[in-house]
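Side chains are part of it too, since the values below use all heavy atoms of this structure and drop only hydrogens, waters and symmetry mates. Counting convention: from 1, in listed order, for ligands and their atoms alike.
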Amino acid sequence: MAVALIAGGSSGIGLAVLQAFRKRGDNVFLADIDERRSLEAISEAAAGEARSLVCDLSTRDGPRAAVAAALAAFGKIDCIFANAAILESAPLQEWSPERWEKSLALNLSMPFYLAQAAAPVLAGSDNASVIFTASTGALRGHAGMPAYHATKSGLLGLCRALADELAPQGTRVNCLLPGWINTPFNDRFWKFQADREEAERALLRQIPMGRQGEPADVAGAALFLASPAARYITGTSLVVDGGYTAV
Ligand code: NAD
């Protein structure tokens, strides 16, 4: 039975991945900032066990505390799913250093510190993997969201460097690139649009499958990257976007 540490998973994509892991019998440790939603998530009946830690993963100590608590709860970790992020949206001149650094801390530094803290533990697994939730935003850019695009692109480089460094110990490192997924996460993007309904219609015209994804549409890709079926896959990205970046 595998153990996955999900960093940010009381909502949206992380929650769908948590549910999918548990459904197939894996044990899950959830580290998340939202206590009420975390308790709800781990209380659901499922084949795999679940525990949680309420913590702010954007702090220097948060990722290390999450790894230590997951290890204490289950005695091993096979998969790290670094998923939490924030989406800040503002015109360029309104980006204070604090706003910029807040995005960097959660979106880019958290996955780095989490992988750094977990690497010695993952070395003991015979199917170890790290998955960073990047975004198709790593391949594109939108006005008002410089930190989001910079941090998500940064994850691709971090993934490649760690894939090289951790391959000798048998740990694979990959990125998941969701396209437009229907969660509260994008609210700030929609608020930044002058005409939200027109912006939404324009978006759907750009997605060959004609709809935004649902969180469950992403879960299978995470399960695959974490599974032995992906044993020769490292340092790369898996896009889950209904064709958005194909055209
Ligand atoms: P969401 O808001 O539904 O979930 C984010 C989760 O992270 C929540 O459980 C939240 O409580 C947790 N979290 C936020 N800040 C935290 C912190 N400081 N410490 C600990 N936990 C924290 O969002 P989502 O849409 O599921 O997004 C999850 C990931 O998917 C993000 O990395 C996002 O960039 C990426 N993504 C989302 C989309 C999309 O369209 N929704 C597209 C591409 C990539």
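Listed by atom number, the atoms of ligand 1 under 4.0 Å from Arg37 heavy atoms are 8 (C), 9 (O), 10 (C), 11 (O). Interface atoms of ligand 1 facing Leu106, defined by a heavy-atom separation under 4.0 Å, are 15 (N), 16 (C), 17 (C), 18 (N). Within ligand 1, counting atoms from 1 as listed, the ones closer than 4.0 Å to a heavy atom of Tyr148 are 33 (C), 34 (O), 35 (C), 36 (N), 43 (C), 44 (C). Near Asp56, meaning under 4.0 Å from any of its heavy atoms, are these atoms of ligand 1: 17 (C), 18 (N), 19 (N). The atoms of ligand 1 that sit less than 4.0 Å from any heavy atom of Trp180 are 40 (O). Residue contact check: Ile13 has heavy atoms under 4.0 Å from atoms 26 (O), 30 (O), 37 (C) of ligand 1. Atoms of ligand 1 found under 4.0 Å from any heavy atom of Gly12, numbered from 1 in the order shown, are 3 (O), 26 (O). Per-residue contacts place Cys55 under 4.0 angstrom from the following atoms of ligand 1 (heavy atoms of the residue considered): 19 (N), 20 (C).
Using a 4.5 Å heavy-atom cutoff, the side chains of Thr183 and Pro215 are in contact.
The residue Gln212 has no part lying near ligand 1, judged by heavy-atom distances below 4.0 Å. Heavy atoms of Asn186 found under 4.0 angstrom from ligand 1 belong exclusively to the side chain. With a 4.0 Å cut-off on non-hydrogen atoms, Ala7 does not touch ligand 1 at all.
Scanning all heavy atoms of the two residues, the minimum distance from Ala85 to Phe185 falls at O-CE1, 3.1 Å. Closest approach of Ala221 and Leu238 over heavy atoms only: CB-CD2, 3.7 Å. Taking both residues in full, the closest heavy atoms of Lys152 and Gly137 are given as CB-C, 4.5 Å, listed atom of the first, atom of the second, then distance. The shortest heavy-atom contact between Leu225 and Cys175 is CD1-O, 4.1 Å. Considering every non-hydrogen atom in both Ile181 and Val240, the closest pair reads CD1-O, 4.3 Å. The minimum heavy-atom distance linking Thr136 with Leu177 is given by the pair CG2-O, 3.8 Å.
Between Ala31 and ligand 1, no N or O atom pair is found at a separation short of 3.5 Å. The shortest N or O to N or O distance between Ser135 and ligand 1 is not under 3.5 Å.
If you check which protein heavy atom lies closest to atom 42 (C) of ligand 1, you get Gly179 O, 2.7 Å. The protein atom (non-hydrogen) at minimum distance from atom 1 (P) of ligand 1 is Ser11 OG, 3.6 Å. Regarding atom 24 (P) of ligand 1, its nearest protein heavy-atom neighbour is Thr183 OG1, 3.6 Å. For atom 9 (O) of ligand 1, the nearest protein heavy atom (residue, atom name, distance) is Asp32 OD2, 2.6 Å. With hydrogens left out, the protein atom closest to atom 43 (C) of ligand 1 is Pro178 O, 3.2 Å, a heavy atom. Summary of contacts: the protein heavy atom closest to atom 32 (O) of ligand 1 is Asn83 O, 2.6 Å. In terms of protein heavy-atom proximity, atom 2 (O) of ligand 1 is closest to Phe185 CD1, 3.8 Å. Here the protein heavy atom with the shortest distance to atom 7 (O) of ligand 1 is Ala84 CB, 3.6 Å.
Within 4.0 Å of atom 5 (C) of ligand 1, not a single protein heavy atom is present.
Nearest to atom 41 (N) of ligand 1 by heavy-atom distance, out of Thr59, Ile181, Val218, Leu30, is Ile181. Looking at Thr133, Leu57, Asp187, Val240, it is Leu57 that brings a heavy atom closest to atom 19 (N) of ligand 1.
Looking at Arg140 and Asp241, no side-chain N of the basic residue comes within less than 4.0 Å of a carboxylate O on the acidic one, giving no salt bridge. Taking the charged nitrogens against the carboxylate oxygens, Glu40 and Arg36 do have a contact shorter than 4.0 Å, which makes a salt bridge.
Of the possible polar contacts, one joining the Arg172 side chain to the Ile233 backbone as a donor-acceptor pair under 3.5 Å is found.
Using a 4.0 Å cutoff on heavy atoms, Met110 does not count as a contact of ligand 1. Proximity of Gly137 to ligand 1 is not established, as no heavy-atom distance is less than 4.0 Å. Residue-ligand proximity: Ala16 is placed with every non-hydrogen atom at 4.0 Å or more from ligand 1.
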Full working for side chain to side chain donor-acceptor pair (under 3.5 Å) between Asn127 and Ser125 = CA-CA 5 Å; Asn127 177 40; Ser125 167; over 6 Å; no
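In this structure, Glu35 places its CD atom where only 12 or fewer heavy-atom neighbours from other residues, nucleotides or ligands lie under 6.0 Å away.
Arg60 and Tyr113 are linked by a side-chain donor-acceptor pair at a separation below 3.5 angstrom, with hydrogens and angles left out of the test.
Summarising the geometry, atom CZ belonging to Phe132 is positioned 8.0 Å from atom CG belonging to Leu114; distances are rounded to the nearest 0.5 Å. The CG atom of Leu57 sits 12.0 Å away from the OG atom of Ser109 when rounded to the nearest 0.5 Å.
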